[in-house]
J.: 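Just dropping this structure here.
Numbering of ligands and ligand atoms starts at 1, following listing order.
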Amino acid sequence: MKIHEYQAKTLFRQYNVPVPEGKAAFSVEEAGQVASGLGGFPVVVKAQIHAGGRGKGGGVKLAHSMEEVKSLADEILGMTLVTHQTGPEGRLVQKLLIEAGQKIEKELYLSLLVDRATATVVIMASRDGGMDIEEVAEKTPERIIKVHVNPLMGLSGYQIRQVGFGLKLPSAAMKKFSGLLSNLYKFFVANDCSLVEINPLILTADDDVLALDAKVDFDSNALFRHKDLLELRDLDEENPLEVEASKYNLNYINLDGNVGNIVNGAGLAMATMDIIKNAGATPANFMDVGGGASSEQVENAFRIILADEKVKAVLINIFGGILRCDIFAQGVVDAAKKTGINIPVVVRMEGTNVDTGKKILADAGLNLTSAVDLSDAAQKIAEAVK
Ligand code: ADP
Ligand code: MG
């Protein structure tokens, strides 16, 4: 689960990770109030969306007067911000962070993430921080320092120094940096983060270090033990169909093709996407109704997929094990009766109670095409969207 920069900075403050003074604003008027509380200019007006690259997209701007704060807030609030992370459709800006402008001496990069391959927390840092870090990673990867921290051992002093020396920090800034990194590590572990990225981490003219940007991603599987963090979720930043699907415990991910898939089991869903791609069609989604879905869940899955305007045909691929074919078929029939089917639907079903399942579908008098096996299903669905 991602959160906004302003929320991440509030959490950083609680862990004594230094950040600039600032506050969220939801209107032009509020932006002015926050700015006047900062006691001076320049003030930075920052769009709050769950994507990076805002600076380059025109979502981070410097104001030198109250009039400028207001006109920039007015310009950025309500704009559709397009960055390399939002895709061409962009993201509507509904929130701002108004913060004190800093005198930047040097922009650095610092991040912590879970490295599954080594089962460690990896700290990455670079002297080449700022808005072009992707290019640094691609062209000069040797300029990125990596330190692996065994979570059972915790972060040691020598590892902090390794990062600090790697960043070539002036000695006067070392102590501040050391506190920052050690507190950031505590924050990371205590909240089950999967990623914390500070780009840029800045060094000021008076050897201060602080987090100028803050990107935080929590491990969703651990959120059950962080009820307070759940309140930070912003549904405006998520795909509405994915939000709807999560209410019914459906594993659903929206993709950009035009074939809707309803499958039981993640492995089968992956295989189904491959096989239809191979037949020349592209998946509009990944929908795993789960091994033990009820007919009600199947009905919701079907309704959610049909609500997606990109979907031009639906492929149902079910292997009846724990989820029996008759239960599944009943879910499809109930959903179809409620929503109506006005696009081609191909069904491939195999497994427990398959004959009863097929009979339920046939007797319902719905406009479904049945397939004998997976390759037949893939052919038929590719044909349907041609
Ligand atoms: P993004 O990574 O989405 O582009 P950042 O928060 O990193 O957004 O801001 C982009 C750039 O704007 C930073 O690299 C920095 O140069 C500048 N900037 C951001 N916040 C401040 C601030 N409080 N004071 C001065 N400059 C800032
Ligand atoms: Mg940034």
J.: Examine distances only and state if a side-chain atom of Asn258 and a backbone atom of Lys310 form a donor-acceptor pair shorter than 3.5 Å.
T.: no
J.: Within the stated cut-off of 2.8 Å, is an N/O/S atom of Asp213 closer than that to the Mg ion (ligand 2)?
T.: yes
J.: Based purely on interatomic distance, does Gly53 place a nitrogen or oxygen under 3.5 Å from a nitrogen or oxygen of ligand 1?
T.: yes
J.: Between Lys9 and Glu99, is there a salt bridge with N-O shorter than 4.0 Å?
T.: yes
J.: With the threshold set at 4.0 Å, does a side-chain nitrogen-carboxylate oxygen contact exist between Glu29 and Lys70?
T.: no
J.: Measure the distance from atom 2 (O) of ligand 1 to every protein heavy atom, then report the residue, atom name and distance (to 0.1 Å) of the closest one.
T.: Asp213 OD2, 3.0 Å
J.: Just to confirm my output: which protein heavy-atom neighbour is closest to atom 12 (O) of ligand 1, and how far is it?
T.: Val60 CG1, 3.6 Å
J.: In the protein, which heavy atom is nearest to atom 20 (N) of ligand 1, and how far is it?
T.: Lys46 NZ, 3.2 Å
J.: Is the closest heavy atom of Gly59 to ligand 1 under 4.0 Å?
T.: no
J.: Students should be able to answer this: which protein heavy-atom is nearest to atom 25 (C) of ligand 1, and at what distance?
T.: Gln102 N, 3.5 Å
J.: Which of the numbered atoms in ligand 1 are under 4.0 angstrom from any heavy atom belonging to Pro200?
T.: 7 (O), 13 (C), 14 (O)
J.: Side-chain contact test, heavy atoms from C-beta onward, threshold under 4.5 Å: evaluate it for Leu112 versus Leu195 and give yes or no.
T.: no
J.: Does a salt bridge link Arg348 with Asp376, judged by any charged N lying under 4.0 Å from a carboxylate O?
T.: no
J.: Please state which protein non-hydrogen atom is closest to atom 26 (N) of ligand 1 and give its distance, to 0.1 Å?
T.: Ile104 CD1, 3.6 Å
J.: So how far is it from Asp219 CG to His226 NE2, rounded to the nearest 0.5 Å?
T.: 8.5 Å
J.: Output yes when Lys23 and Glu30 qualify as a salt bridge under the 4.0 Å nitrogen-oxygen rule, no when they do not.
T.: no
J.: At under 4.0 Å between heavy atoms, is it the side chain or the backbone of Glu99 that contacts ligand 1, or both, or neither?
T.: side chain
J.: Among protein heavy atoms, which lies nearest atom 18 (N) of ligand 1, and at what distance?
T.: Leu212 CD2, 3.7 Å
J.: Salt-bridged, Lys338 to Glu299, with N to O below 4.0 Å?
T.: yes
J.: What part of Thr83 sits under 4.0 Å from ligand 1 if we count only heavy atoms: the side chain, the backbone, both or neither?
T.: neither
J.: In the protein, which heavy atom is nearest to atom 16 (O) of ligand 1, and how far is it?
T.: Glu107 OE2, 2.5 Å
J.: Considering only the protein, which heavy-atom contact is closest to atom 22 (C) of ligand 1, and what is its distance?
T.: Val44 CG2, 3.4 Å
J.: Under 4.0 Å, heavy-atom basis, I'd like to know which part of Ala100 is in contact with ligand 1: side chain, backbone, both or neither.
T.: backbone
J.: Out of curiosity, Leu212 CG to Leu201 CG, how far, rounded to the nearest 0.5 Å?
T.: 9.0 Å
